[in-house]
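Taking it in order: structure first as structure tokens, then the write-up.
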Amino acid sequence: MSESNISETPKVASNFIKVIINDDLKTNKYDGRVHTRFPPEPNGYLHIGHAKSICLNFGLAKEYAGLCNLRFDDTNPTKEDVEYVDSIKEDVRWLGFDWEDREYFASDYFDRLYELAEQLILKGKAFVCELTQDQMRQYRGTLTEPGINSPFRDRTIDENLELFRKMKNGDFPDGAMVLRAKIDMSSPNVNMRDPIIYRIRRDHHHRTGDKWCIYPMYDFTHCISDSIEFITHSLCTLEFENNRPLYDWFLIELGLYRPQQIEFARLNLNFTVLSKRKLLKLVEDNFVDGWDDPRMPTITGLRRRGYTPEAVRNFAEMVGVAKADSIVDMGMLEFSVRKHLNSTANRAMAVLNPVKIVITNFPEGQKEILEAVNNPEDESKGVRNIPFTREIFIEREDFMEEPQKKFFRLSPGREVRLRYAYIIMCNEVIKDEHGNITELHCTYDAETKSGTSSETRKVKATLHWVSASECFDAEVRLYDNLFMKENPNSVEDGKEFTDNLNPDSLKIISNCKLEPSLRDSNSGDRFQFERLGYFCVDSKHSTLDHPVFNRIVTLKDTWTKIQAKEA
RNA sequence: UGCCCUGUAGUGUAACCGGCAACACGUCUGAUUCUGGAUCAGAAGAGUUCAGGUUCGAGUCCUGACGGGGCAGCCA
């Protein structure tokens, strides 16, 4: 094998869609174009599953030097709203994608769609049907039995045309009749049993207002919209596989340019739900604080939680694209944020559950300024000052009066280092009348200041801390999985998914002690609180007087793992 | 008892026209470390759902089972 032309080795396609595109490029199927689209229905907020689709569609376009449109699939006025189109645009933009001037709405095509429907009638391929919903269901047959033809199937073209025009003009009440494609009532694919193309529905549309009282169905609209936009690869999720023959049928019958529909498996994540209906329920029944609740798997929730677009994009890359349904471990998403934040987030010290330490040999009223590195992974982030005083706070969990094995933090008679400061030794445990620890009395070794070359002593642990007199209070919100079960949808009879909600998914801790430099932080700023995790200034509730930090994700924690194992 | 899709370590994906299964997460060692973080080195873990067949050779091709998912909205 020749090794001389490594640089010319073609990039191996890493998913089945790229294989298809590579092949199409080779055969020049679309003149070398790659043009995708992201087609959300504006009836809900986008979630991490949509992010996968967005990254796929925009990512493919970018990789192949093509284009990706943003198109709102707004053919059902009863469920859609501008609130959602605005949020969708914001979310896609936040993820880092740009559709430039290619912002489309299926409703922009209503005139054209109507015209094409008439064309189908003229071709004898569509008819107006007056069966009631119940009747139509009966006529449709079942999954195992063929359907039977509607008695209205053989109307004349003129009659169909006239009725359809009347439908459009509002001559009939809602639901009185529909326009149907004339395909095959005995098709094993139920989608092909004379599917509905237009229904009468007097509803105010968020864009077209009251111009229409008939609205086209998804199957008719989607393929034609793709065709109008000259899309090459129309990516959608698996549940549309059975609709593909219909997608093709309309375009073939109408003689239109034909994109190809390719289906891939939607994203599933454990410990959460990813269905619009269920997310809507969580919001409407106030199980959460809204669409942007930091526990929600929505893009806006992840954003408020403190996730970065880079992390989400990287995650989408990690999980890949395939046709088999699967459930991705939440741990992968968390890995992805940690990885990004490790290199970008400045470090700071915060004590969530404080216990006071008095350094008995440090002069009262004295304040020493110490220097701390902002990000050990990135020297350019510089340093900051930290005040050191006689009284400080450390984390209550970092002290154990009777240390269990493998615990090598502070305990009586033991030494630990204070991050960026000195080594201290615990001499005395002060308790109240109930036996609760109120203070620890320690002494520090002035020779062990961080960064001094004289310091050679090794201690087993380094603790984070803040000066008791110089720190300030803040509220910290700790988040855990929204659901207790890996699969929240598995419920016993009579229960529903909300019964699997994790009662401890949010813990609000008041009066946490933060180092003074954190005072300058702004909404959305992210930090690593050393030894604790990554945190973000809450964009909704944080104020100067009442700072609120969200925990984005914990640090990888081998200690709790050890503890769990010992137990 | 219809049709469509799908089945590769614990999880998610890869393996070009058949050539002795790779990557990531996770797990476990060890090194290192002023974050029990990060980093570095290494390990374990699948013989590709099963049974046949074709072939010198099959995760890749064929046949048949079995498992999982989807489809009977005037939703998308």
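To find a chain, count down the sequence lines: A is the first, B the second, and so on, and within it residues start at 1.
- With ring centers used as reference points, A:F152 lies 6.0 Å or more from A:Y139.
- No engagement by A:Y215 is indicated, since no non-hydrogen atom pair under 4.0 Å with the nucleic acid exists.
- Using C1' as the reference atom, B:G73 and B:G68 are 25 Å apart when rounded to the nearest Å.
- Atom CG of A:L269 is separated from atom P of B:C25 by 17 Å (rounded to the nearest Å).
- Partners of A:D219 according to the side-chain hydrogen bond (donor to acceptor under 3.5 Å, both in side chains) rule, which considers only residues two or more places apart in sequence or in another chain, are A:N243.
- When side chains are defined from C-beta on, A:I394 does not count as touching A:V416, because their heavy atoms never get closer than 4.5 Å.
- In this structure, A:E397 places its CD atom 14 Å from P of B:G36, rounding to the nearest Å.
- Within the structure, every pair that satisfies the ring-ring contact (aromatic ring centres under 6.0 Å, His included) test and touches residues 164-190 of chain A, not counting sequence neighbours, is listed here: A:Y114-A:F164, A:F164-A:Y198.
- In this structure, B:C17 shows a glycosidic angle within 90 degrees of zero, which is the syn conformation.
- In this structure, A:F271 atom CZ and B:C25 atom P are separated by 20 Å, rounded to whole Å.
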Side-chain donor-acceptor distances from residues 322-333 of chain A under 3.5 Å, at least two apart:
{"from": "A:K323", "atom 1": "NZ", "to": "A:E241", "atom 2": "OE2", "distance (Å)": "3.3"}
{"from": "A:D329", "atom 1": "OD1", "to": "A:G331", "atom 2": "N", "distance (Å)": "2.7"}

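- If you take CD of A:Q135 and C1' of B:G73, they are 17 Å apart, rounded to a whole angstrom.
- Among residues two or more places apart in sequence or in another chain, the ring-ring contact (aromatic ring centres under 6.0 Å, His included) test is passed with A:F529 by A:F535, A:F549.
- At whole-Å resolution of the value, CZ in A:R266 and P in B:C71 are 10 Å apart.
- Residue contacts shown for A:T142 include a base, since a base heavy atom lies under 4.0 Å away.
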Detail all sub-3.5 Å separations between protein N/O atoms and N/O atoms belonging to nucleotides 26-31 of chain B.
{"from": "B:U27", "atom 1": "OP1", "to": "A:K561", "atom 2": "NZ", "distance (Å)": "2.4"}
{"from": "B:C28", "atom 1": "OP1", "to": "A:K565", "atom 2": "NZ", "distance (Å)": "3.3"}

Protein-nucleotides 10-13 of chain B N/O pairs closer than 3.5 Å?
{"from": "B:U11", "atom 1": "O3'", "to": "A:I327", "atom 2": "O", "distance (Å)": "3.3"}
{"from": "B:U11", "atom 1": "O2'", "to": "A:I327", "atom 2": "O", "distance (Å)": "3.3"}
{"from": "B:G12", "atom 1": "OP1", "to": "A:I327", "atom 2": "N", "distance (Å)": "3.2"}
{"from": "B:G12", "atom 1": "O3'", "to": "A:S326", "atom 2": "OG", "distance (Å)": "3.0"}
{"from": "B:G12", "atom 1": "O2'", "to": "A:V319", "atom 2": "O", "distance (Å)": "2.7"}
{"from": "B:U13", "atom 1": "OP1", "to": "A:S326", "atom 2": "OG", "distance (Å)": "3.2"}

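- Using a 4.0 Å heavy-atom cutoff across all strands shown, A:K406 reaches at least one base atom of the nucleic acid.
- Donor-acceptor pairing under 3.5 Å is recorded for the side chains of A:T560 and A:D557.
- A:R419 has its CZ atom 10 Å from the C1' atom of B:U33, to the nearest Å.
- Across B:U39 and B:G47, the matching C1' atoms stand 34 Å from one another, rounded to whole Å.
- More than 90° away from 0 lies the glycosidic angle of B:G67, which makes this nucleotide anti.
- Taking the P atoms as reference points, B:C16 lies 36 Å from B:U29, given to the whole Å.
- Looking only at distances, no side-chain donor or acceptor of A:R417 sits under 3.5 Å from a matching main-chain atom of A:I424.
- A donor-acceptor contact closer than 3.5 angstrom links the side chains of A:H206 and A:D74.
- Taking atom P on both B:U6 and B:U60, the two are 15 Å apart, rounded to the nearest angstrom.
- Judged by distance alone, the side chains of A:T448 and A:R457 never bring a donor and an acceptor atom under 3.5 Å apart.
- At whole-Å resolution of the value, OH in A:Y139 and P in B:G73 are 17 Å apart.
- Residues that satisfy the side-chain contact (heavy atoms from CB on, under 4.5 Å) test with A:K281, not counting sequence neighbours, are A:D285, A:E496, A:F497, A:T498.
- Counting heavy atoms from C-beta on, the side chains of A:I423 and A:E447 never come closer than 4.5 Å.
- Between A:D398 atom CG and B:U35 atom P there is a gap of 13 Å when expressed in whole angstrom units.
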Within the sub-3.5 Å range, which N or O atoms of nucleotides 74-76 of chain B have a protein N or O partner, and how far apart are they?
{"from": "B:C74", "atom 1": "OP2", "to": "A:R140", "atom 2": "NH1", "distance (Å)": "3.2"}
{"from": "B:C74", "atom 1": "N3", "to": "A:G175", "atom 2": "O", "distance (Å)": "3.4"}
{"from": "B:C74", "atom 1": "N4", "to": "A:L131", "atom 2": "O", "distance (Å)": "3.3"}
{"from": "B:C74", "atom 1": "N4", "to": "A:G175", "atom 2": "O", "distance (Å)": "3.0"}
{"from": "B:C75", "atom 1": "OP1", "to": "A:R201", "atom 2": "NH2", "distance (Å)": "2.7"}
{"from": "B:C75", "atom 1": "OP2", "to": "A:R199", "atom 2": "NE", "distance (Å)": "3.1"}
{"from": "B:C75", "atom 1": "OP2", "to": "A:R199", "atom 2": "NH2", "distance (Å)": "2.8"}
{"from": "B:C75", "atom 1": "OP2", "to": "A:R201", "atom 2": "NH1", "distance (Å)": "3.2"}
{"from": "B:C75", "atom 1": "OP2", "to": "A:R201", "atom 2": "NH2", "distance (Å)": "2.7"}
{"from": "B:C75", "atom 1": "O3'", "to": "A:R199", "atom 2": "NH2", "distance (Å)": "3.3"}
{"from": "B:C75", "atom 1": "O2'", "to": "A:N76", "atom 2": "ND2", "distance (Å)": "2.9"}
{"from": "B:C75", "atom 1": "O2'", "to": "A:K79", "atom 2": "NZ", "distance (Å)": "3.0"}
{"from": "B:A76", "atom 1": "OP1", "to": "A:T75", "atom 2": "OG1", "distance (Å)": "2.6"}
{"from": "B:A76", "atom 1": "OP1", "to": "A:R199", "atom 2": "NH1", "distance (Å)": "3.4"}
{"from": "B:A76", "atom 1": "OP1", "to": "A:R199", "atom 2": "NH2", "distance (Å)": "3.1"}
{"from": "B:A76", "atom 1": "OP2", "to": "A:Y218", "atom 2": "N", "distance (Å)": "3.1"}
{"from": "B:A76", "atom 1": "O3'", "to": "A:D73", "atom 2": "OD2", "distance (Å)": "3.4"}

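- In this structure B:G73 sits in the syn conformation; its chi angle is within 90° of 0.
- With both ends at atom C1', the span from B:A24 to B:A46 equals 16 Å, rounded to whole Å.
- Side-chain atoms of A:W465 come within 3.5 Å of backbone N or O of A:R419 as a donor-acceptor pair.
- Taking the P atom of each, B:A9 and B:U54 are spaced 28 Å apart, rounded to whole Å.
- A:R244 comes within 4.0 angstrom of nothing in the nucleic acid, heavy atoms only.
- Below 30°, between 30° and 60°, or above 60°: for A:Y215 and A:F110 the angle between ring planes is above 60°, a perpendicular geometry.
- At the heavy-atom level, A:Q528 lies under 4.0 Å from base atoms of the strands shown.
- The gap from the C1' atom of B:G12 to that of B:G30 amounts to 28 Å, rounded to the nearest Å.
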Report summary line: Heavy-atom contacts, protein to nucleotides 42-50 of chain B, under 4.0 Å, summarised as B (base), S (sugar-phosphate only) or - (none) per nt, yield ---------
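- A:R531 places no side-chain N or O within donor-acceptor distance of the main-chain N or O of A:L463, the cut-off being under 3.5 Å.
- Between A:E229 and A:R37 there is no salt bridge, since none of the side-chain N atoms of the basic residue sits less than 4.0 Å from a carboxylate O of the acidic one.
- Among the protein residues, A:L555 comes within range of the nucleic acid bases, having at least one heavy atom under 4.0 Å from a base atom.
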Requested in this report: State the dot-bracket string of RNA chain B. Criteria: Watson-Crick or G-U wobble, both atom distances under 3.5 angstrom; notation: ( ) intrastrand, [ ] crossing earlier pairs, | interstrand, . unpaired.
Outcome: .((((((..((((.....[..)))).(((((.......))))).....(((((..]....))))))))))).....
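- Every residue meeting the salt bridge (Lys or Arg N to Asp or Glu O under 4.0 Å) condition with A:R207, not counting sequence neighbours, appears here in chain and number order: A:D108.
- Among residues two or more places apart in sequence or in another chain, the side-chain contact (heavy atoms from CB on, under 4.5 Å) test is passed with A:Q138 by none.
- Counting any heavy atom pair closer than 4.0 Å across all strands shown, A:F407 reaches a base atom.
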